[in-house]
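What follows is a single structure, and I will ask about it in a moment.
Both backbone and side-chain heavy atoms feed into the values below; hydrogens, waters and symmetry mates do not. For clarity, every value in this text was computed on a predicted model and none was experimentally measured. Remember, it's 1-based here, ligands and their atoms both numbered in the order they're listed.
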Amino acid sequence: MNTHTLLSVVAADSRAAASPAPRPPLVNVDGIAKHYLLPGLGRSFSVKSVDGVSFAIGQGEVLGLVGESGCGKSTIARLLTRQTTPTSGRVTIADQEIANVKGEELKRLHRTVQLVFQDPFGALDPRMQVGTSMEAPLAQHGIGTRHERRQMVMHMLEEVGLDESFSERYPRQCSGGQLQRVVIGRALLLQPSFLICDEPTSALDASMRTQILNLLTDLKRRHGLTMLMISHDLRVVRHICDRIAVMYLGRIVEIADRDTLFEAPRHPYTRALIAASMLDQTGLYAPEIQLHGELPSPLNPPLGCHFHTRCAHAQAKCSQAEPEFEAASDTHQVRCHFWRELQPEEPAENGSAQNRRNRVN
Ligand code: SF4
């Protein structure tokens, strides 16, 4: 299977839902960076976990953030929830720069921005019944009477697909998928305007993963949720996101609406991630766009284009000059010197011999 055919298969699969219309932004991330100094080594030895990232998320929009482990995705979640402070840049949510928020406003921010983590077991107190865990944030924020809070919890359990009896269970008496429903319900009880999901399905098996993604898709539709969906897996973000940003070594290398990203990816890294997700899903193999090697250390990233040590299209310029983030269209940006030459319909010449070894399960 050549590049074109592979990408066409992916595009057909991703065409099921419509592209998003432009919306007024709720979240603005402007040139944000997080550099960690290494103790005893001084300023010149810093890890650039996030390095000048900018994006906006519209009201009711779901933005996907994908990339390999260690590329900086979870640091962005921590920056957006003020669990860590940026080295530079700023984050604005609902027109408020979050670095300046204090007192009651900070409490309100903690209510309106909710985070769902990868590990639901770690997110819940094992000594507390599920209902008590779900009720606790409501009590902390002074919402409702005890009776009203219990009613809200029961209603939310139903909304996330669990019956009322779960309120009396302990976490050890629930499956991972059931607990992730509880965690999502607990976050939604606070009626957040912005929900961040950091690898919400990666600790779950395939059938549970589909169920949780279907639940999030359904909740997004019913509540008009604005979300950031962080995942290493393109299949997850394709399921639910309106737009997708691809990260590599602390930077966004491509961002586009979902259909464009799957139908006309311009960055070699995006193409490799799509190929990898298809390999997992179908066994189809496209060696010319396969990703090879490990993610380089963020302590010592490659000069020029960070991706040049793994890129099948790298040329001399790539190790010498950093590519700019350029607009391929109004809704599509890419960071590659040669994106114009990487047409999605271009078949890979050197793939023919290897393609004979393609595997189709
Ligand atoms: Fe590959 Fe060069 Fe583009 Fe980087 S700039 S992605 S190394 S072709």
Going by the order shown, which atoms of ligand 1 are within less than 4.0 Å of some heavy atom of Phe338?
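Checking each atom against Phe338, I get 8 (S).
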Under a 4.0 angstrom heavy-atom cut-off, which atoms of ligand 1 come close to Cys311?
1 (Fe), 6 (S), 7 (S), 8 (S)
Can you confirm whether the side chains of His332 and Asp257 place a donor and an acceptor under 3.5 Å from each other?
no
Under 4.0 Å from a heavy atom of His337: give me the atoms of ligand 1 that qualify, with their elements.
3 (Fe), 5 (S)
Tell me whether Lys220 at atom NZ has more than 12 heavy atoms from other residues, nucleotides or ligands lying less than 6.0 Å away.
yes
Smallest separation among heavy atoms of Asp51 and Ala33, with atom names
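What the structure gives for the nearest pair is CA-CB, 4.3 Å.
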Would you call Glu135-Arg146 a salt bridge at under 4.0 Å N-O?
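Salt bridge present between Glu135 and Arg146.
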Within the stated cut-off of 2.8 Å, is an N/O/S atom of His308 closer than that to atom 4 (Fe) of ligand 1?
no
Considering only heavy atoms of His267, which atoms of ligand 1 have at least one such atom less than 4.0 Å away?
6 (S)
List every atom of ligand 1 that sits less than 4.0 Å from any heavy atom of Cys336, numbering the atoms from 1 in the order shown and giving each element.
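Those atoms are 3 (Fe), 5 (S), 6 (S), 8 (S).
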Using 2.8 Å as the threshold, say whether any N, O or S atom from Cys305 sits that close to atom 3 (Fe) of ligand 1.
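So Cys305 does not bind atom 3 (Fe) of ligand 1 by this criterion.
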Identify whether NZ of Lys or CZ of Arg in Arg169 sits under 6.0 Å from the centre of the six-membered ring of Phe166 and within 45° of that ring's axis.
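Arg169 over Phe166 ring: yes.
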Numbering as shown, the atoms of ligand 1 that approach Cys318 to under 4.0 Å (heavy-atom distance):
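Reading through ligand 1 atom by atom, the close ones are 2 (Fe), 5 (S), 7 (S), 8 (S).
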Run the salt-bridge test on Glu326 and Arg266 with the 4.0 Å N-O cut-off and return the result as yes or no.
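No, this pair does not count.
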